[in-house]
2 protein chains.
Amino acid sequence: MNYDALKLKNQLCFPLYACSKEVVRKYHPYLEEIGLTYTQYIVMMVLWENQEVTVKALGDTLYLDSGTLTPLLKKMETQGLLVRTRSSVDERSVIISLTEKGYQLRDQAADIPGKIGSCIPLSEEEVRTLYSLLYKVLGQHDAQ
Amino acid sequence: MNYDALKLKNQLCFPLYACSKEVVRKYHPYLEEIGLTYTQYIVMMVLWENQEVTVKALGDTLYLDSGTLTPLLKKMETQGLLVRTRSSVDERSVIISLTEKGYQLRDQAADIPGKIGSCIPLSEEEVRTLYSLLYKVLGQHDAQ
DNA sequence: GTAGTTTTGGTTGTGTACAATTAAATTGAT
DNA sequence: ATCAATTTAATTGTACACAACCAAAACTAC
């Protein structure tokens with residue numbers, strides 16, 4: 001039998017997995033300064049763009065499920081970054097809204113993307129290509 | 001202040017992070033059939049190619065540290081897939097070697113890459129491009 | 001309007017990940 | 001030879017991730 005397909009070098013998934021972790025790790029020192037983890041940071045990015053979102057919408061946007069989000073959001077609530085309120089329109093939904101403190105944090109986060117960008121060794125063209133290929137792989141899920 | 005760089009849509013890291021998780025998730029049903037997790041699977045891939053490796057080499061290859069590998073390898077040892085032996089040449093090193101059972105598992109894993117490949121919506125050309133861009137990002141770490 | 005289905009969050013259990021620290025073994029400079 | 005520095009695993013503590021399951025609310029036919 002031919003086992004070439006099982007060689008690490010022939011995997012697409014592995015560099016994807018490794019690269020994701022390595023890049024997330026680059027965020028660590030910068031995020032630590034403002035008291036966020038990476039997962040909390042992407043939650044905040046959604047909230048900075050939309051003052052209010054449901055847990056459901058957050059999960060769809062970030063590809064995270066309630067088992068990850070519920071404890072994360074509760075912790076962020078105790079840190080005073082956001083508030084969790086059950087929707088009066090639909091009691092099943094929980095609405096996440098930014099607090100003033102959460103909103104203020106955006107100023108401190110604003111220079112992080114630039115710092116990360118400068119330590120990724122790709123040209124702008126390459127970044128665009130990588131970006132669109134990644135979304136192409138992710139894309140099929142939208143069609144669900 | 002301009003916060004465009006903080007928009008989720010303008011992040012490269014986020015699709016990388018999301019895509020990695022989504023693709024790893026695709027492996028789940030196939031890996032479950034042969035009793036492996038994704039992390040265990042990539043460890044096995046290294047061992048199928050090299051009957052023996054040290055924990056250090058495994059960590060360098062897979063971008064994982066001992067905090068992840070030590071408990072993982074101990075569990076795989078109890079499952080009979082591999083054996084952990086302290087090197088007699090260098091007592092600091094632990095050598096991981098495949099058992100017969102671990103070796104046999106390769107036959108059952110052999111068709112997994114094909115099954116995954118067929119549900120990634122990229123052309124061969126695109127896969128090659130994505131692959132090389134990911135390794136380009138990872139590459140700088142080799143230069144450490 | 002009510003039973004059956006779907007949607008939405010929450011909970012539990014398992015399995016990573018990694019930073020930080022520790023301890024033992026090895027190496028290297030004197 | 002010896003001691004300081006380095007290397008290697010292991011340990012500890014914190015934080016995700018997600019599958020599987022559960023319960024309550026909302027929706028859908030009839």
Side-chain angles (χ1 to χ4, degrees), chain A residues 14 17-33 35-44 53-79 84-96 141 144, chain B residues 14 17-33 35-44 53-79 84-96 141 144:
Chain A
F14 171 68
Y17 161 84
C19 197
S20 166
K21 289 188 306 165
E22 290 300 309
V23 176
V24 167
R25 182 152 53 199
K26 282 191 206 293
Y27 281 83
H28 188 264
Y30 304 117
L31 290 176
E32 195 173 34
E33 285 177 24
L36 293 178
T37 63
Y38 182 73
T39 316
Q40 290 169 359
Y41 173 62
I42 60 177
V43 166
M44 292 305 288
V53 276
T54 63
V55 172
K56 166 73 170 152
L58 204 51
D60 288 346
T61 305
L62 299 177
Y63 296 81
L64 294 172
D65 75 0
S66 63
T68 303
L69 285 175
T70 299
L72 186 82
L73 294 170
K74 283 183 177 175
K75 196 180 309 170
M76 293 172 78
E77 186 175 33
T78 68
Q79 291 168 354
R84 298 161 64 252
T85 328
R86 205 153 279 270
S87 164
S88 54
V89 179
D90 183 341
E91 291 275 348
R92 293 170 305 178
S93 297
V94 169
I95 296 169
I96 307 301
H141 293 274
Q144 177 257 17
Chain B
F14 171 67
Y17 161 82
C19 197
S20 166
K21 288 188 306 163
E22 291 299 309
V23 176
V24 167
R25 181 149 57 198
K26 284 192 206 289
Y27 281 84
H28 188 264
Y30 305 118
L31 290 176
E32 195 173 35
E33 284 178 24
L36 294 178
T37 63
Y38 182 74
T39 316
Q40 290 169 0
Y41 173 63
I42 60 176
V43 167
M44 292 305 288
V53 276
T54 63
V55 172
K56 167 72 171 151
L58 204 51
D60 288 347
T61 305
L62 299 178
Y63 297 82
L64 294 172
D65 75 1
S66 63
T68 302
L69 285 176
T70 298
L72 187 80
L73 294 170
K74 283 183 177 176
K75 196 178 310 169
M76 293 172 78
E77 186 176 34
T78 68
Q79 292 167 354
R84 297 162 65 252
T85 328
R86 207 155 275 275
S87 165
S88 54
V89 178
D90 184 340
E91 291 274 350
R92 291 169 305 178
S93 296
V94 168
I95 297 170
I96 307 301
H141 293 273
Q144 177 254 19

Side chain of [X], heavy atoms from C-beta onward: which of [options] has the nearest atom to it?
X     : options                : value
A:K75 : D:dT11, C:dA19, D:dC16 : D:dC16
A:D65 : D:dT11, D:dA19, C:dG9  : D:dA19
B:T70 : D:dT11, D:dC18, C:dA19 : D:dT11
B:Q40 : D:dA17, C:dT16, D:dA9  : C:dT16
B:H28 : C:dG9, D:dT6, D:dA19   : D:dA19
A:T39 : D:dC16, D:dA24, D:dA10 : D:dC16
A:E91 : C:dT16, D:dC18, D:dA25 : D:dA25
A:R92 : C:dC18, D:dA25, D:dA10 : D:dA25
A:T68 : C:dA19, C:dG9, D:dC16  : D:dC16

Checklist entry - With sugar-phosphate meaning primed atoms plus P, OP1 and OP2, does A:V43 contact a base, only sugar-phosphate, or nothing at under 4.0 Å between heavy atoms? => result nothing
In whole angstrom, what separates [X]'s [atom1] from [N]'s [atom2]?
X     : N      : atom1 : atom2 : value
A:Y27 : C:dA17 : OH    : C1'   : 18 Å
A:I95 : C:dG9  : CD1   : P     : 9 Å
B:K21 : D:dC18 : NZ    : C1'   : 9 Å
A:I96 : C:dG10 : CD1   : P     : 8 Å
B:Y38 : D:dC16 : OH    : P     : 22 Å
B:L69 : C:dG15 : CG    : C1'   : 13 Å

Item to check | C:dC18 phosphate, OP1 or OP2, under 4.0 Å from A:R25 side-chain N/O | outcome: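 A:R25 to C:dC18 OP1/OP2: side-chain N or O found under 4.0 Å.
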Item to check | A:T37 vs D:dC16: side-chain N/O to OP1/OP2 distance below 4.0 Å | outcome: yes
Item to check | Check: C:dG10 base within 3.5 Å donor-acceptor of A:S66 side chain | outcome: yes
